[in-house]
Each structure stands twice: as C-alpha cells, then as structure tokens.
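Each chain gets a letter, A, B and so on, in the order the sequences are listed, and its residues count up from 1.
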Protein chains: 2
Amino acid sequence: MTNQNLAQFKSVFKAENLKITPQRLEVFREMCDSDEHRESEKIYLALRKRNIHVSRATVFRTMDLLYENGFVSRMDIGDGKWRYEHWLDCSHHDHLICIRCGRIVEFFDPEIEKLQEDVCSRFDYQLVRHSHQLFGMCKECAD
Amino acid sequence: MTNQNLAQFKSVFKAENLKITPQRLEVFREMCDSDEHRESEKIYLALRKRNIHVSRATVFRTMDLLYENGFVSRMDIGDGKWRYEHWLDCSHHDHLICIRCGRIVEFFDPEIEKLQEDVCSRFDYQLVRHSHQLFGMCKECAD
DNA sequence: AATATTGTTGAGACTCATTCTCAACAGAAT
DNA sequence: ATTCTGTTGAGAATGAGTCTCAACAATATT
C-alpha cells in the first residue's frame, strides 16, 4: 500500500461520510498488497493469518464498500463467490481462466470492446458494464 | 415438444443409461415449450401450476442432466442462480441483459467469437467455453 | 465536561439456491 | 420370486452472503 493509495482511500471515504476505522484500513491494505483474485473468505483468512482480527461480516461489508467506491473490481466465475482484485490503476480488463488449475490471466482487447458497443446499439441498448470470461486450458495443464 | 425432440431425448438418455421417467419427461417438455431464460425454481413452479408434481430436488437433478447432455444451456448473471434455456437448435449465442427490467436478448457476433480465439492463442490457452454478458439499459427503460 | 447522536463492529442467526441423505419405490436381470 | 440398480421425494445440510442487535467509538450538542 503506497502513501498515495492511503491518501486516496482516506479522501474517498471522508467524502462519502464513511469512517476510517482500523478494520477498514486493514482490509484495504490486504487488497492493495496482493494481485490475486480472491473471494472474501480468503481475504478474511489472510488477515487471520497475519493475526489481524476483523470479523467475517466486516470483511464482507468492507469489500462491498471498496467495490462501490471503485477500489476493487469483482468477478463471478459461476461458482457462487465474488472474487475481488484491487483496481488501483483502474485499467479495465477481462479474464481468461484455466478450468483445470484455476489460474487467472487478465486480457484486454480494444476490438472486442468496440464490437460490444456495436452489438448494443444494434439492439438499442445502452451498455453499462459487461462480463466476459474465457474458460480454457493453460499450456501447462493441456500437456 | 416435437416428436423429434422426444426421440432425441430418449435416444440420448438411453445411450447414457439414464432412465426415461415421467418426471424427467415432464421437465424436458417444460423446457422444450418455453423460450424463456428461467431458474430452476421458476421451472418447478411452472410445473406445479400445470398440476404436475415433480419435487424440487428432481427438477434440480434433471436440469443438471439436461445441461450435461446438451439439451439446455445455462447462464449465470451474477445473482447466484442458474438460468436455463432450451438449446434444441444448438446455436451458440451470448446475452444482453437490461439492468432495470431484466429483459434478456440473445446476440451472436462472429467477429467477437474469432477475437476470443485470438486472445486465447496469445496466452497459450485452449479455449473451451466462454461467458459473455452485456449489461445495459434497454430502449424502454432508458427513456 | 457530560450527554446525545450517529456510524461501526462482532457474534451469531438467518436466507436462499443448491446439494445431500436416506428410506421407499420401480423396472430390469437373475 | 428375489436381487440389483437407478430414481424419487421429503427434509436436512451446505455455504456464501446478509441481517440483527447489543456494545462501542467518534463526533456533535448542551
């Protein structure tokens, strides 16, 4: 977690009238310092492991706040859990997921992005967001 | 449900050593005769309404079988429920979902399909399946 | 300083889609 | 007839996430 991350966190939470509590700070720090795509339970357990006591409910609540305020993005790969990743650089991307080992790779394809817009205007929809996941077998798993 | 649908169902289930029971037939008929994208509970209730008694558990189990054997496809729009649609013509498509009224439109864009393959080979993945959803506001809801 | 107000927390109860368990059953095979 | 195997229904169990509520903490008001 850089000083800039921290400053941004504080300023957004202040602006939203959300208190900057030790628990929220710890959850935010945990997110800043990992590049993984984790579900809330894993984040909760990571904090536990570092002997930081934040309740499960608070982790869930804080992940919601971080998501609503654009500090993390989340994805749903169809197993009923949200997977969160920090979104400090705010660069949009989609995901390629290995169906065997679960490894997740990020991709961004401007052409696909554009074609999505085209599809929407074809059907008279205003695109708000999208979810695009490719499930396959990574090189190691395919061998 | 056409005779052809029925014949296909019987032949696949027989080939898989799955019994052709009245309950399974009723669930299959219910799927053939609707173009909606429904969750299991709705399918269960639709059967109830027609005074056909199949237990919830059997509906869930049968939806799994129909899915595994390619009679239906299913989608996950992030609310924790599978939505099933019959897939009798087996033509692949993705979905455009109105975030206000929930209306679901199907789309297919061969260019996007091709670009997905390109992304995968870029990362040395073998594409197995994908999930692509556009969330937006339909014309009626945007006004 | 004392008090009131408001938001936050933790523990555990609750929800809800789905899966599991298990006894009863049904049809095919012996 | 009897055994074997797969299927069913009812209700219990699961598990991610949400809700409730009393205790608490920081801020605002008197």
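Residues from residues 51-63 of chain A placing a heavy atom under 4.0 Å of any atom in DNA chain D, listed by number, are A:Ala57, A:Phe60, A:Arg61. Near DNA chain D, defined here as any heavy-atom distance below 4.0 Å, there are no residues from residues 9-45 of chain A.
Annotation: salt bridge (Lys or Arg N to Asp or Glu O under 4.0 Å) contacts of B:Asp35 (sequence neighbours excluded): none. For the side chain to side chain contact (heavy atoms under 4.5 Å, CB included) test, residues two or more places apart in sequence or in another chain that qualify with A:Asp89 are A:Trp87, A:Ser91. Applying the salt bridge (Lys or Arg N to Asp or Glu O under 4.0 Å) criterion to B:Glu30, with sequence neighbours excluded, gives B:Arg38, B:Arg50. Under the rule for a salt bridge (Lys or Arg N to Asp or Glu O under 4.0 Å), A:Lys10 has no partner lying at least two apart in sequence or in another chain. When the side chain to side chain contact (heavy atoms under 4.5 Å, CB included) test is applied to B:Lys114, the partners found at least two apart in sequence or on another chain are B:Asp118. In terms of the salt bridge (Lys or Arg N to Asp or Glu O under 4.0 Å) criterion, B:Glu117 has no residue partners (sequence neighbours excluded).
Bracketed by its first and final contacts, the part of DNA chain C lying under 4.0 Å from non-hydrogen atoms of chain B reaches from C:dA17 to C:dT21 in 5' to 3' order.
Remark: B:Arg74 qualifies as a cation-pi partner of B:Tyr67 under the 6.0 Å distance and 45° angle criteria applied to the six-membered ring.
Taking atom CG on A:Asp64 and atom C1' on D:dT18, their separation rounds to 9 Å, with Å as the unit.
Clustering of Ile, Leu, Val, Met, Phe, Trp and Tyr by side-chain heavy atoms under 4.5 Å joins B:Leu115 with A:Leu96, A:Val105, A:Phe107, A:Ile112, A:Leu115, A:Val119, A:Phe123, A:Tyr125, A:Leu127, A:Leu134, B:Leu96, B:Val105, B:Phe107, B:Ile112, B:Val119, B:Phe123, B:Tyr125, B:Leu127, B:Leu134. The other residues sharing a hydrophobic cluster with B:Phe135 are A:Val128, B:Met75, B:Ile77, B:Ile97, B:Ile99, B:Ile104, B:Met137, where clustering joins ILVMFWY side chains under 4.5 Å apart.
Among pairs with a residue in residues 104-113 of chain A, those fulfilling salt bridge (Lys or Arg N to Asp or Glu O under 4.0 Å) read A:Asp109-B:Arg122, at least two apart in sequence or across chains.
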